[in-house]
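Written below as structure tokens is the structure these notes are about.
Counting from 1, the numbers follow the sequence of the chain as shown.
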Amino acid sequence: MRIGELAARAGTTTRALRYYESRGLLPARRGGNGYRTYDEDDLRALRQIRTLQDFGFDLEETRPFVECLRAGHPEGDSCPASVAVYRSKVAELDALIGELTAVRETVGAQLARAERAMEALAASQEAEPRCELGETG
């Protein structure tokens, strides 16, 4: 298939495909007419890249998965290098979750403090007598 068809089937752009090619993730095969040509294996590799990127993997982190597919494995994550990337990503996500949990606790404490201050201010304003008629001169 040609680049436009591959892009359409993979749900991406021809520009992205050229970029993946420049990064060595997609083979640069050319037909006799000079056009780029692709096959179903390229489509599988692209789908793997796109899925991983949707999960937050950067492009370089997808490389072991693509190489695993290119080596003939049925799944891109059935190789030791791919599993190592998964482990690294899980550790990264755990660290982010820890940071976000700490921020959430801080913001929650600030919210509770602000609500108490607001309630105290409202209570103190209710205790003061109000003049309904206004000043007359």
Inset, instruction - Write out all pairs satisfying salt bridge (Lys or Arg N to Asp or Glu O under 4.0 Å) with one or both partners inside residues 13-22, taking only residues at least two apart or from two chains. - result: Glu21-Arg36

Inset, instruction - Applying side chain to side chain contact (heavy atoms under 4.5 Å, CB included), name anything that partners Thr51, two or more places apart in sequence or on another chain. - result: Phe55

Inset, instruction - Mind listing the closest non-hydrogen atom pair of Leu69 and Gly76 along with its distance? - result: CD2-N, 3.5 Å

Legend entry - Residues which pass side chain to side chain contact (heavy atoms under 4.5 Å, CB included) with Asp58, listed by chain and number, not counting sequence neighbours: Glu60, Glu61

Legend entry - Inter-residue atom distance Leu52.CG - Arg63.CZ, 0.5 Å rounding: 13.0 Å

Taking distance alone, no hydrogens or angles, what donor-acceptor pairs closer than 3.5 Å link side-chain atoms of residues 91-118 to residues at least two apart or in another chain?
residue : atom : partner : partner atom : Å
Glu92   : OE2  : Lys89   : NZ           : 3.4
Thr101  : OG1  : Ile97   : O            : 2.8
Thr106  : OG1  : Ala102  : O            : 3.1
Arg116  : NH1  : Ala112  : O            : 3.4

Legend entry - Heavy-atom closest contact (Asp42 atom, Thr37 atom, distance): OD2-O, 4.4 Å

Legend entry - Pairs flagged by ring-ring contact (aromatic ring centres under 6.0 Å, His included) wherever residues 105-124 is involved - sequence neighbours left out: none

Inset, instruction - Drop me the distance from Thr12's OG1 to Tyr20's OH, to the nearest 0.5 angstrom. - result: 5.0 Å

Legend entry - Over 12 non-hydrogen atoms of neighbours within 6.0 angstrom of CZ in Arg30: yes

Please tabulate, for side-chain N and O atoms in residues 3-10, each donor-acceptor pair with protein atoms closer than 3.5 Å (sequence neighbours left out).
residue : atom : partner : partner atom : Å
Arg9    : NH1  : Glu40   : OE2          : 2.9
Arg9    : NH2  : Glu40   : OE1          : 3.2
Arg9    : NH2  : Glu40   : OE2          : 3.2

Legend entry - Cluster link Val66 to Tyr38, ILVMFWY, side chain under 4.5 Å: yes

Legend entry - Distance in Å, Gln48 CD paired with Leu43 CG, rounded so as to fall on 0.5 Å steps: 12.0 Å

Inset, instruction - Determine the minimum heavy-atom distance between Thr62 and Gln53, stating which atoms define it. - result: CG2-CG, 4.4 Å

Legend entry - Arg2: side chain to side chain contact (heavy atoms under 4.5 Å, CB included) partners, not counting sequence neighbours: Tyr35

Inset, instruction - Check ring-ring contact (aromatic ring centres under 6.0 Å, His included) between Tyr19 and all other residues, then give those that pass, not counting sequence neighbours. - result: none

Inset, instruction - Among residues two or more places apart or on two chains, list those pairs meeting salt bridge (Lys or Arg N to Asp or Glu O under 4.0 Å) that have a residue in residues 43-52. - result: Asp41-Arg44

Legend entry - Leu59 reachable from Phe65 in the ILVMFWY side-chain graph, under 4.5 Å edges: no

Legend entry - All side-chain hydrogen bond (donor to acceptor under 3.5 Å, both in side chains) counterparts of Asp77, not counting sequence neighbours: Tyr86

Inset, instruction - Can you sort out the partners of Cys68 under side chain to side chain contact (heavy atoms under 4.5 Å, CB included), two or more places apart, ordered by chain and number? - result: His73, Ser78, Cys79, Ser82

Legend entry - Qualifying ring-ring contact (aromatic ring centres under 6.0 Å, His included) pairs, either residue in residues 106-126, two or more places apart: none

